[in-house]
*Asks:* 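I'd like to ask you about the structure that follows.
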Amino acid sequence: MITCTDVVRNFATRPGAVAGLAGLSLDVAPGEFVVIQGPSGSGKSTLLLTLGGMLRPTSGRVTVAGQDLHSLTTSARTRFRATTLGFVFQLFHLVPYLTVRQNILAGLPRPDASGRARVAGLINELGLEERAGSLPGTLSAGERQRVALARALAKQPPLILADEPTGNLDPANAAGVFRRLDTYRRAGGTVLVVTHGPDAAPFASRVLRLEAGRITDVRSTAQVAL
Ligand SMILES: Nc1ncnc2c1ncn2[C@@H]1O[C@H](COP(=O)(O)OP(=O)(O)O)[C@@H](O)[C@H]1O
Ligand SMILES: [Mg+2]
C-alpha cells in the first residue's frame with residue numbers, strides 16, 4: 001500500500017538546509033495498522049505530507065496504492081488524494097463555517113446518494129446526531145475529532161493517514177478514535193498513524209520508531225492478527 005525508498009526531504013532555511021526526512025525507507029502492506037512513534041521534529045508530519053502528495057521529496061521514491069505519487073500531474077494527484085486517502089489531523093482542520101454534516105460530506109469526492117447515506121450512518125455511529133447541524137467552533141475537542149474521523153472514513157478510502165490524531169484528546173476519547181480505526185482496518189482498510197505518544201501502540205500490527213528523519217527501530221511486530 002505504501003513504499004518509500006530512500007526518501008529525502010530537505011527544507012531551505014536561513015541558516016541552511018534542514019532535513020525533514022533523511023533517507024527514509026518504509027513498506028506498509030494492505031491491511032496493516034502501522035504506528036510510527038517519534039519525538040517532536042523527527043519528521044512525522046513531513047512524512048505524512050509526502051505520502052499525501054502535498055510535499056515533494058527532494059529525492060527518493062514514494063508509491064501509494066500502486067501510484068508513483070510525485071510523477072502524477074497536479075490534478076491527477078488531487079484526484080488520487082480525493083479518492084484514495086483519508087486524513088485525520090491533530091488539530092482537526094475542520095472548515096469553521098460549515099456544519100458538522102457539511103464537513104463530513106466534504107470528505108466525499110462526489111456527494112452521491114450512497115455517499116450521503118454513508119455520512120448519515122457515520123453521524124449516528126459516532127454519536128454526532130445532536131451536533132450534525134452545529135458549527136465546529138461549538139463542539140468539544142472529542143466531538144471535533146470524531147467529525148475529522150468521520151470525514152476521513154466517509155469516502156471509504158483504502159488508506160487512512162493520521163498525524164497525532166489524539167494529541168488533543170483525553171484517554172477515553174483517544175481510545176475511541178483508535179478503536180474506530182481498528183474497525184476500519186478489519187473491514188479491509190490500511191492505517192498509518194504517526195504520533196509522539198504511546199496510546200496508539202496497543203492497536204498496531206507494527207510499531208516503528210522515527211528519529212531525525214529515519215526509521216531507526218522496529219519495536220514490535222504482529223501484536224494484532226491481520
Ligand atoms: N516548512 C518547513 N520549513 C523548514 N523546516 C521545516 C519545515 N517543515 C518541517 N521542517 C523541519 O523538519 C523537521 C521535521 O519536522 P516535522 O515533520 O514537522 O516533525 P514532527 O511532525 O515529527 O514534529 C524539523 O526539524 C522541522 O523544523
Ligand atoms: Mg508534526
Side-chain angles (χ1 to χ4, degrees), residues 1-28 32-64 69-70 74 77-78 81 85-95 107 136 141-142 144-149 151-152 157 159-171 173-175 177-178 181 190-204 206-220:
M1 183 59 69
I2 297 173
T3 308
C4 293
T5 313
D6 293 327
V7 176
V8 172
R9 169 67 209 209
N10 295 324
F11 294 103
T13 64
R14 202 171 266 278
V18 172
L21 297 175
L24 180 142
S25 296
L26 171 70
D27 275 295
V28 177
E32 282 197 282
F33 190 137
V34 172
V35 171
I36 298 183
Q37 286 181 359
S40 175
S42 58
K44 301 183 298 293
S45 296
T46 305
L47 173 61
L48 280 210
L49 292 173
T50 304
L51 292 174
M54 285 92 109
L55 213 52
R56 184 177 287 278
T58 306
S59 63
R61 249 170 86 89
V62 178
T63 310
V64 178
L69 262 194
H70 298 277
T74 304
R77 198 160 46 239
T78 302
R81 196 158 55 227
L85 294 183
F87 269 90
V88 185
F89 291 104
Q90 176 175 6
L91 296 175
F92 321 125
H93 292 298
L94 302 176
V95 182
R144 271 183 250 177
Q145 192 56 289
R146 294 207 293 280
V147 179
L149 183 61
R151 181 179 56 185
L159 175 63
I160 289 186
L161 303 174
D163 191 351
E164 310 216 29
T166 59
N168 288 292
L169 301 184
D170 57 78
N173 274 304
V177 167
F178 293 129
L181 285 173
T190 307
V191 182
L192 175 60
V193 174
V194 298
T195 174
H196 68 273
D199 318 16
F203 299 87
R206 212 148 47 102
V207 181
L208 306 173
R209 174 117 191 123
L210 182 66
E211 271 171 58
R214 275 206 196 92
I215 303 287
T216 54
D217 182 28
V218 178
R219 285 257 187 107
S220 55

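Atoms within a ligand are numbered from 1 in the order they appear, just like the ligands themselves. Being a predicted model, the structure only gives us computed values, none of them experimental.
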*Asks:* Give a yes or no on whether the backbone of G43 and the side-chain of R9 come within a donor-acceptor separation of less than 3.5 Å.
*Replies:*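 Not a single qualifying donor-acceptor pair exists.
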*Asks:* Verify the contact flag for atom 16 (P) of ligand 1, where contact means a protein heavy atom under 4.0 Å away.
*Replies:* yes
*Asks:* For ligand 1, which atoms, with element, lie under 4.0 Å from some heavy atom of V18?
*Replies:*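 The list of qualifying atoms is 11 (C), 25 (O).
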*Asks:* V35 and A204: which non-hydrogen atoms are nearest, and at how many Å?
*Replies:* CG2-CB, 3.5 Å
*Asks:* Give the atom numbers and elements of ligand 1 that come within less than 4.0 Å of a heavy atom of P39.
*Replies:* 22 (O)
*Asks:* So does S45 have any N/O/S atom less than 2.8 Å away from the Mg ion (ligand 2)?
*Replies:* yes
*Asks:* In terms of the angle between their ring planes, are F89 and H93 parallel, tilted or perpendicular, with boundaries placed at 30° and 60°?
*Replies:*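 Rings of F89 and H93: perpendicular, as their planes differ by over 60°.
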*Asks:* Using non-hydrogen atoms of the residue, decide whether G41 is closer than 4.0 angstrom to ligand 1.
*Replies:*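 In this structure, G41 qualifies as a contact of ligand 1 - some heavy atom is under 4.0 Å.
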*Asks:* Give the atoms of ligand 1, by number and element, whose distance to some non-hydrogen atom of T13 is under 4.0 Å.
*Replies:* 4 (C)
*Asks:* Might you check, step by step, whether the distance between atom 26 (C) of ligand 1 and some protein heavy atom is under 4.0 Å?
*Replies:* no
*Asks:* Residues in side chain to side chain contact (heavy atoms under 4.5 Å, CB included) with S25, at least two apart?
*Replies:* D6
*Asks:* Among V62, L208, L210, T3, which one satisfies side chain to side chain contact (heavy atoms under 4.5 Å, CB included) with L26?
*Replies:* L208
*Asks:* Who's closest to atom 22 (O) of ligand 1 heavy-atom-wise, of E211, K44, R14, H196?
*Replies:*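 Nearest heavy atom to atom 22 (O) of ligand 1 lies in K44.
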*Asks:* Give the residue and atom name of whichever protein heavy atom lies nearest to atom 18 (O) of ligand 1, and the separation in Å to one decimal.
*Replies:* S45 CB, 3.8 Å
*Asks:* Considering only protein heavy atoms, which is closest to atom 9 (C) of ligand 1, and at what distance to one decimal place?
*Replies:*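 Result: F11 CE1, 3.3 Å.
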*Asks:* Near S40, which atoms of ligand 1 are under 4.0 Å from a heavy atom of that residue?
*Replies:*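 Heavy-atom distances to S40 below 4.0 Å select 23 (O).
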*Asks:* Measure from the side-chain N and O atoms of K44 to the backbone N and O of P39, and report whether any donor-acceptor pair falls under 3.5 Å.
*Replies:* yes
*Asks:* Would you find a donor on one side and an acceptor on the other, under 3.5 Å apart, between the side chain of R206 and the backbone of V34?
*Replies:*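 A pair under 3.5 Å: no.
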*Asks:* List the steps and the verdict of side-chain contact (heavy atoms from CB on, under 4.5 Å) for L192 and L48.
*Replies:* CA-CA 9 Å; L192 175 60; L48 280 210; 3.9 Å; yes
*Asks:* What is the nearest protein non-hydrogen atom to atom 19 (O) of ligand 1, stated with its residue, atom name and distance?
*Replies:* G43 N, 3.2 Å
